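Here is the structure we will look at.
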Amino acid sequence: MVTGAGTAAEVRARIVEVEAYRGSDDPASHAFRGPTPRASIMFGEAGHLYVYLSYGMHHCANVVCAPAGTASAVLLRAAVVEHGEDTVRARRGRLPPRARLLSGPGNLCKGLGLAVADNGADLCSAGPIHLEARSAGVPLQSGPRVGIRRAVDLPLRFWWAGHPAVSAPRLPRSHKGTGAEAGP
DNA sequence: CGCAGGATTTGCT
DNA sequence: GCAAATCCTGCGG
């Protein structure tokens, strides 16, 4: 993921945790009720950005992945800064450990400077915000999604196994273990 | 037109 | 560990 490409505020981050959301078969998805004004972008062309405001204060960024006509979104939950750490820290305000700078959907958007104004951006063209494919070959794990109350059992969360940026479900920053636990 | 709830984070009782 | 902060979307009347 690259934001502010070509500017002094360019930031590169490697995505390490995502969640998939589908359509009418996924009660936890915004697209569950059909192509409402907000969710219509999920029914659009793949490779576009979907940003929305959560709980009136945090932004969440998604990437549309299925062809037009099929509802889909992949929520970006955590990433690791590879370039532009100073810019990210300036946006975050506080000074968490480097591994946690972009941990959590809201923090990720804040650190990368993603907002509703970026909604609909084409991430596959060479714009200021775009994705770079990297066949990392990292160990992946999957499990239940976090923070939802419906369709809790669907194992649609995917993360880099053991990566410190990935938070354990409902056991975030505390004096417990910092490592990500396995799924079911 | 009014209301209830949500893909969260943070700080304090 | 729990509750507040905060506003937009979707649904019902």
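Note that the structure is predicted; figures quoted are calculated from it, not measured. All chains are named by letter (A, B, ...) in the order of the sequence lines, taking the proteins before the strands, and each is independently numbered beginning at 1. These numbers come from the heavy atoms of this one structure, side chains and all, not from hydrogens, waters or symmetry mates.
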Protein-nucleotide distance (A:I148, atom CD1; B:dG5, atom C1'), rounded to Å:
15 Å
Counting only side-chain heavy atoms from C-beta out, which of C:dG10, B:dA7, B:dT8 sits nearest to A:H58?
B:dT8
Rounding to a whole Å, what distance do you find between A:H59:NE2 and C:dC8:P?
10 Å
Stepwise, does the side-chain contact (heavy atoms from CB on, under 4.5 Å) test hold for A:V116 with A:H59?
CA-CA 8 Å; A:V116 181; A:H59 292 285; 3.3 Å; yes
If we call it a pair only when both distances are under 3.5 Å in a Watson-Crick or G-U wobble match, what pairs with B:dT10?
C:dA3
Can you tell me how far P of B:dT8 sits from NE2 of A:H30, to the nearest Å?
9 Å
Counting heavy atoms from C-beta on, name the nucleotide in B:dA7, C:dC11, C:dA5 closest to the side chain of A:M57.
C:dA5
Need one value for A:R150: base, sugar-phosphate or nothing, where a base atom within 4.0 Å counts as base even if backbone is also close, heavy atoms only.
nothing
A:R100 CZ to B:dT8 C1': how many Å, rounded?
15 Å
Please say yes or no: joined through hydrophobic side-chain contacts below 4.5 Å, possibly via intermediate residues, are A:V146 and A:V152 part of one cluster?
no
Using purine N1 to pyrimidine N3 plus N6-O4 or O6-N4 for Watson-Crick, or N1-O2 and O6-N3 for G-U wobble, each under 3.5 Å, what pairs with B:dC1?
C:dG12
Taking the side chain of A:R33 as heavy atoms from C-beta outward, which of C:dG10, B:dA7, C:dC8 is closest to it?
C:dG10
For A:Y52 and B:dA7, is the gap between ring centres under 5.5 Å while the planes differ by less than 30°?
no
Once you apply a heavy-atom cut-off of 4.0 Å, does A:R77 come out as touching a base, just sugar-phosphate, or nothing?
sugar-phosphate
Using a 6.0 Å distance limit plus a 45 degree cone around the ring axis, check whether A:R145 lies over the aromatic ring of A:F158.
no
A:F32 CZ to B:dG5 P, straight-line distance once rounded to whole Å:
17 Å
Under 3.5 Å donor-acceptor pair, A:Y55 side-chain atoms to C:dA5 base atoms:
no
If the cut-off is 4.0 Å, is A:T36 near the phosphate of C:dG10, judged by side-chain N/O to OP1 or OP2?
yes
Tell me which nucleotide among B:dT8, C:dG10, B:dT10 gets nearest to the side chain of A:R92.
B:dT10
Side chain of A:S29 only, heavy atoms from C-beta on: which candidate in C:dC8, C:dG10, B:dA7 is closest?
B:dA7
Rounded to whole Å, how long is the line connecting atom CG of A:L53 with atom C1' of B:dT9?
13 Å
Test: A:R134 and A:E82 ion pair at under 4.0 Å:
yes
Would you call A:D86 and A:R89 a salt bridge, using N to O less than 4.0 angstrom?
no
Closest to the A:R38 side chain: B:dA7, B:dT10, C:dT9?
C:dT9
Length of the CZ-P vector between A:R149 and B:dA4, whole Å:
15 Å
